[in-house]
Amino acid sequence: TVKPVLITGPGDVGPTTFGQFLVTILNGTAPAVPFGGLSMVDARDAADGMIRAAERGKNGEHYILSNRYATTTE
(Lines give C-alpha, C1' and ligand atoms only; values in the text may rest on other atoms or scores of the structure.)
Protein backbone atom coordinates (compact mmCIF):
# COMPACT_ATOMS: atom_id res chain seq x y z
CA THR A 1 0.00 0.00 0.00
CA VAL A 2 1.38 3.38 -0.98
CA LYS A 3 0.63 6.22 1.44
CA PRO A 4 1.73 9.63 0.24
CA VAL A 5 1.67 12.48 2.73
CA LEU A 6 0.46 15.93 1.66
CA ILE A 7 1.15 16.14 -2.08
CA THR A 8 2.40 19.48 -3.41
CA GLY A 9 3.97 20.63 -6.62
CA PRO A 10 3.59 22.49 -9.86
CA GLY A 11 0.26 22.56 -11.61
CA ASP A 12 -1.84 23.28 -8.53
CA VAL A 13 -3.92 25.53 -10.75
CA GLY A 14 -7.07 25.49 -8.65
CA PRO A 15 -5.46 26.00 -6.28
CA THR A 16 -6.55 23.21 -3.99
CA THR A 17 -7.71 24.11 -0.49
CA PHE A 18 -4.21 23.56 0.86
CA GLY A 19 -2.69 25.39 -2.08
CA GLN A 20 -4.88 28.40 -1.32
CA PHE A 21 -3.82 28.21 2.34
CA LEU A 22 -0.18 28.36 1.23
CA VAL A 23 -0.93 31.34 -1.02
CA THR A 24 -2.48 33.27 1.88
CA ILE A 25 0.52 32.52 4.09
CA LEU A 26 3.02 33.52 1.38
CA ASN A 27 1.09 36.73 0.65
CA GLY A 28 0.94 37.58 4.34
CA THR A 29 -2.86 37.63 4.26
CA ALA A 30 -3.54 34.59 6.44
CA PRO A 31 -5.46 35.63 9.57
CA ALA A 32 -3.36 33.20 11.61
CA VAL A 33 -0.69 30.58 11.06
CA PRO A 34 -1.08 27.44 13.19
CA PHE A 35 1.87 26.05 15.12
CA GLY A 36 3.44 22.81 13.96
CA GLY A 37 4.21 21.58 10.53
CA LEU A 38 3.48 19.10 7.79
CA SER A 39 5.20 16.32 5.96
CA MET A 40 5.03 16.91 2.22
CA VAL A 41 6.00 15.16 -0.98
CA ASP A 42 6.40 16.67 -4.43
CA ALA A 43 3.81 15.28 -6.85
CA ARG A 44 6.56 14.09 -9.21
CA ASP A 45 8.33 12.24 -6.40
CA ALA A 46 5.04 10.70 -5.26
CA ALA A 47 4.36 9.44 -8.80
CA ASP A 48 7.87 7.97 -9.00
CA GLY A 49 7.42 6.28 -5.61
CA MET A 50 4.09 4.79 -6.67
CA ILE A 51 5.64 3.37 -9.83
CA ARG A 52 8.57 1.91 -7.89
CA ALA A 53 6.24 0.37 -5.30
CA ALA A 54 4.17 -1.21 -8.08
CA GLU A 55 7.31 -2.61 -9.73
CA ARG A 56 9.31 -3.69 -6.68
CA GLY A 57 7.03 -3.50 -3.64
CA LYS A 58 6.03 -6.52 -1.60
CA ASN A 59 2.48 -7.58 -0.87
CA GLY A 60 1.36 -6.52 2.58
CA GLU A 61 4.00 -3.79 2.90
CA HIS A 62 3.18 -0.12 3.40
CA TYR A 63 5.22 2.64 1.79
CA ILE A 64 5.02 6.17 3.17
CA LEU A 65 6.02 8.72 0.54
CA SER A 66 7.48 11.87 2.06
CA ASN A 67 10.48 14.00 1.23
CA ARG A 68 10.12 17.18 3.27
CA TYR A 69 8.89 18.38 6.61
CA ALA A 70 8.16 22.08 6.87
CA THR A 71 6.88 24.12 9.75
CA THR A 72 3.85 26.25 9.00
CA THR A 73 5.85 29.41 9.62
CA GLU A 74 8.61 28.22 7.29
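Computed over heavy atoms, backbone and side chain alike; hydrogens, waters and symmetry mates excluded. Model, not experiment: these values are computed from the prediction.
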Nearest 0.5 Å, what's the [atom1]-[atom2] distance between [X] and [Y]?
{"X": "Thr1", "Y": "Lys3", "atom1": "OG1", "atom2": "NZ", "answer": "6.0 Å"}
{"X": "Met40", "Y": "Thr8", "atom1": "CE", "atom2": "OG1", "answer": "6.0 Å"}
{"X": "Met50", "Y": "Asp45", "atom1": "CE", "atom2": "CG", "answer": "11.0 Å"}
{"X": "Arg52", "Y": "Leu65", "atom1": "CZ", "atom2": "CG", "answer": "11.0 Å"}
{"X": "Tyr63", "Y": "Lys58", "atom1": "OH", "atom2": "NZ", "answer": "6.5 Å"}
{"X": "Leu38", "Y": "Phe21", "atom1": "CG", "atom2": "CZ", "answer": "7.5 Å"}

Ignoring hydrogens, what is the shortest heavy-atom contact between [X] and [Y]? Give both atom names and the distance.
{"X": "Gly9", "Y": "Asp42", "value": "CA-OD2, 4.2 Å"}
{"X": "Val41", "Y": "Pro4", "value": "CG1-CB, 4.3 Å"}
{"X": "Val2", "Y": "Ala53", "value": "CG2-CB, 3.5 Å"}

Checklist entry - Are more than 12 heavy atoms from other residues, nucleotides or ligands located less than 6.0 Å from atom CG of Leu6? => result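 Yes, because the 6.0 Å sphere around CG of Leu6 holds more than 12 heavy atoms from other groups.
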Checklist entry - Hey, does the side chain of Tyr69 reach the backbone of Gly37 with a donor-acceptor pair shorter than 3.5 angstrom? => result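 Looks like yes, one N/O pair under 3.5 Å.
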Checklist entry - Taking NZ, NE, NH1 and NH2 as the nitrogens, is one of them in Asp48 or Arg44 under 4.0 Å from a carboxylate oxygen of the other? => result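 Looking at Asp48 and Arg44, the cut-off is not met.
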